[in-house]
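Step one of this worksheet: look at the structure below.
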Amino acid sequence: MSTDISTGLLQIWLPYTQMKTAPMPLVATRTEGTTIVLEDGRELVDGIASWWTACHGYNHPHIRARIGAQLERMPHVMLGGLVHEPVKDLSRRLAALLPGDLDHCFYTDSGSVAVEVAMKMAIQYWINRGVTGRKKLLSFRDGYHGDTLATMSICDPEEGMHSLFAGAFPEQVLADLPRDKALIDALDTLLAERNHEIAAIIVEPLVQGASGMIFHTPEVLARLRVLADKHDVLLILDEIFTGFGRTGTMFACEQAGIVPDIITLSKALTGGTMALAATVARRHVFEAFLSDSPVAALMHGPTFMANPLACTAACASLEIFERESRLDQVAAIARQLCEELEPCRALPGVRDVRVLGAIGVVELDSIDDMNRLKAALVAHDVWVRPFRQIVYLTPAFTITPDALTKLTAAIQSVIREGAFRRAA
């Protein structure tokens, strides 16, 4: 990366980036609605809502006003020995919104850490009940659950980002999602043989995101609930990506009619304005930590846990879901994505086109020149970040039909032009 020291870019270590060869990043100066304004004045329609966090679009006035008022009262206070109204309000709201008795909320500040806490809860759940040996998690091929050390151990070791770290963390149990009878039987057998060492099953419900937006049916989740109950293991749903309307229901698990033992939430939790995550447990999980012994407590506590500003933003976001027809908007986005991405299927190099809720995916045979493809999309005044072999859209639910058409038209155009191939 060539840059001028005066820009300050030499001091920034960018995510998922080879800093030696990466092109200069664009500089964003302002956001509004579904638009990112660049330093040079260009305006880009954002097709991925900043990693699908800004579900209401950027700078929503209700969230902004609520954060401003909270900032004047109390920006932060430690949760150790103290609580505050924003965290009480958010916890009540989440417990009421989530299915079943998912009503005990533990807060962190990122999705990866929320999953780490879920793993810790699951393992300690068995320890506190006097059951020894259950210290492994069963996860699935093509799964992704974060970049911290423990979460890396439950990602698919072949998925690419973490393959360098093979052997650096405890070995977990890896299986195929039970998509058909043979795989159901195989998972049933695996659990029968190894349930004595498995604390929990963890899965991304309906969409395995980072491995290429790979979809599966609600029936798969229902099977996992049945198998978890049959073999007496906990079921964790990682709804960091799928929570808060992205798949067409408020939570993906609703489509399967199941209640996980633990659920993890983040990303769109605050409407994309503040860092916040939650690990929410059912009553029987929480009660396993109740004891006269302090050793049985969950010994975890991030410094900025349940930051009042972030909790306020989350409450404001949930208020917007109550007042505005977000799920209807998601359904409309899904219809438009189906209609406007389908023509890509006939283009050279396209392997598949698929849509679920406000997620649209064009899967290519390969992307030979990622930087060229990204630059071509920006040249169409859209912000889309392909990865692996897919070009995908996860727009804000508030995107206008015209803005969404601009995104889908840009994707059609760059694929038709072969911008994903190396220049001759």
Check whether any side-chain heavy atom of [X] sits under 4.5 Å from a side-chain heavy atom of [Y], and report yes or no.
X      : Y      : result
Leu237 : Arg225 : no
Phe420 : Arg372 : no
Phe106 : Met305 : yes
His300 : Val113 : yes
Asn307 : Asp109 : no
Glu32  : Val37  : no
Val350 : Ile415 : yes
Leu221 : Leu206 : yes

Exercise. side-chain hydrogen bond (donor to acceptor under 3.5 Å, both in side chains) between Thr405 and Gln336: does it pass, once the steps are laid out?
Worked result: CA-CA 8 Å; Thr405 293; Gln336 188 173 348; 3.0 Å; yes
Using the six-membered ring wherever Trp is involved, compare the ring planes of [X] and [Y] and label them parallel, tilted or perpendicular (cut-offs 30° and 60°).
X      : Y      : value
Phe286 : His104 : parallel
Trp52  : Phe241 : tilted
Tyr392 : Phe387 : perpendicular

For this session: Run the numbers on Lys230 and Asp188 for side-chain contact (heavy atoms from CB on, under 4.5 Å), then give the verdict.
Result: CA-CA 9 Å; Lys230 177 180 178 180; Asp188 192 9; 2.9 Å; yes
What closest approach, in Å, do [X] and [Y] show between heavy atoms, and which atom pair accounts for it?
X      : Y      : result
Ile359 : Leu337 : C-CD1, 3.9 Å
Leu347 : Gln412 : CD1-O, 3.8 Å
Ile240 : Gly111 : CD1-CA, 3.7 Å
His76  : Thr303 : NE2-O, 3.5 Å
Lys136 : Glu171 : NZ-O, 2.7 Å
Phe397 : Ala358 : CE2-CB, 3.8 Å

Exercise. For Glu204 and Phe140, what are the C-alpha separation, side-chain angles and deciding distance, and is it a side-chain contact (heavy atoms from CB on, under 4.5 Å)?
Worked result: CA-CA 9 Å; Glu204 299 162 89; Phe140 297 98; over 6 Å; no
Within this structure, what is the [atom1]-[atom2] distance for the pair [X] and [Y], rounded to the nearest 0.5 Å?
X      : Y      : atom1 : atom2 : result
Arg194 : Arg134 : CZ    : CZ    : 12.5 Å
Thr398 : Glu324 : OG1   : CD    : 8.5 Å
Thr242 : Leu265 : OG1   : CG    : 8.5 Å
Arg64  : Leu71  : CZ    : CG    : 14.0 Å
Arg283 : Asp101 : CZ    : CG    : 4.5 Å
Ile36  : Leu26  : CD1   : CG    : 9.0 Å

Is there a donor-acceptor contact under 3.5 Å from the side chain of [X] to the main chain of [Y]?
X      : Y      : answer
Thr53  : Lys267 : no
Ser317 : Ala313 : no
Arg354 : Phe215 : no
Asn128 : Ala296 : yes
Ser291 : Ser293 : yes
Glu197 : Val173 : no
Asn371 : Ala22  : no
Arg345 : Val353 : yes
Asp46  : Pro395 : no
Asp261 : Leu235 : yes

Exercise. Would you call Arg92 and Glu85 a salt bridge, using N to O less than 4.0 angstrom?
Worked result: yes
For this session: Walk me through it: do Ile123 and Leu137 pass the test side-chain contact (heavy atoms from CB on, under 4.5 Å)?
Result: CA-CA 8 Å; Ile123 293 168; Leu137 276 286; 4.2 Å; yes
Problem set entry | Test side-chain hydrogen bond (donor to acceptor under 3.5 Å, both in side chains) applied to Thr35 and Glu43, step by step | CA-CA 6 Å; Thr35 301; Glu43 296 186 0; 5.1 Å; no
Problem set entry | Sequence-distant partners of Asp292, side-chain contact (heavy atoms from CB on, under 4.5 Å), two or more places apart | none
For this session: Could you walk me through whether Arg141 and Asp156 pass salt bridge (charged side-chain N to carboxylate O under 4.0 Å, His left out), step by step?
Result: CA-CA 5 Å; Arg141 287 183 176 83; Asp156 185 336; 5.7 Å; no
Exercise. Just checking, is any N or O donor in the side chain of Asp238 or Thr264 under 3.5 Å from an acceptor N or O on the other one?
Worked result: yes
For this session: Check step by step if salt bridge (charged side-chain N to carboxylate O under 4.0 Å, His left out) holds for Glu322 and Arg93.
Result: CA-CA 11 Å; Glu322 292 172 0; Arg93 289 176 180 276; 3.1 Å; yes
Output side-chain donor-acceptor pairs under 3.5 Å for residues 375-383, partner residues at least two apart or in another chain, one line each.
| unit_1 | atom_1 | unit_2 | atom_2 | d |
| --- | --- | --- | --- | --- |
| His380 | ND1 | Ala376 | O | 2.9 |
| His380 | NE2 | Ser413 | OG | 3.1 |

Atom [atom1] of residue position [X] - does it have more than 12 heavy atoms of other residues, nucleotides or ligands inside 6.0 Å?
X      : atom1 : answer
Met78  : CE    : no
Lys120 : NZ    : yes
Arg30  : CZ    : no

Problem set entry | Test log, rule side-chain hydrogen bond (donor to acceptor under 3.5 Å, both in side chains), inputs Glu340 and Thr408 | CA-CA 6 Å; Glu340 296 182 0; Thr408 58; 2.6 Å; yes
Exercise. Ser139 and Val203: side-chain contact (heavy atoms from CB on, under 4.5 Å), yes or no, with the steps?
Worked result: CA-CA 6 Å; Ser139 59; Val203 67; over 6 Å; no
Problem set entry | Working for side-chain hydrogen bond (donor to acceptor under 3.5 Å, both in side chains), residues Asp402 and Thr400 | CA-CA 5 Å; Asp402 286 348; Thr400 65; 5.6 Å; no
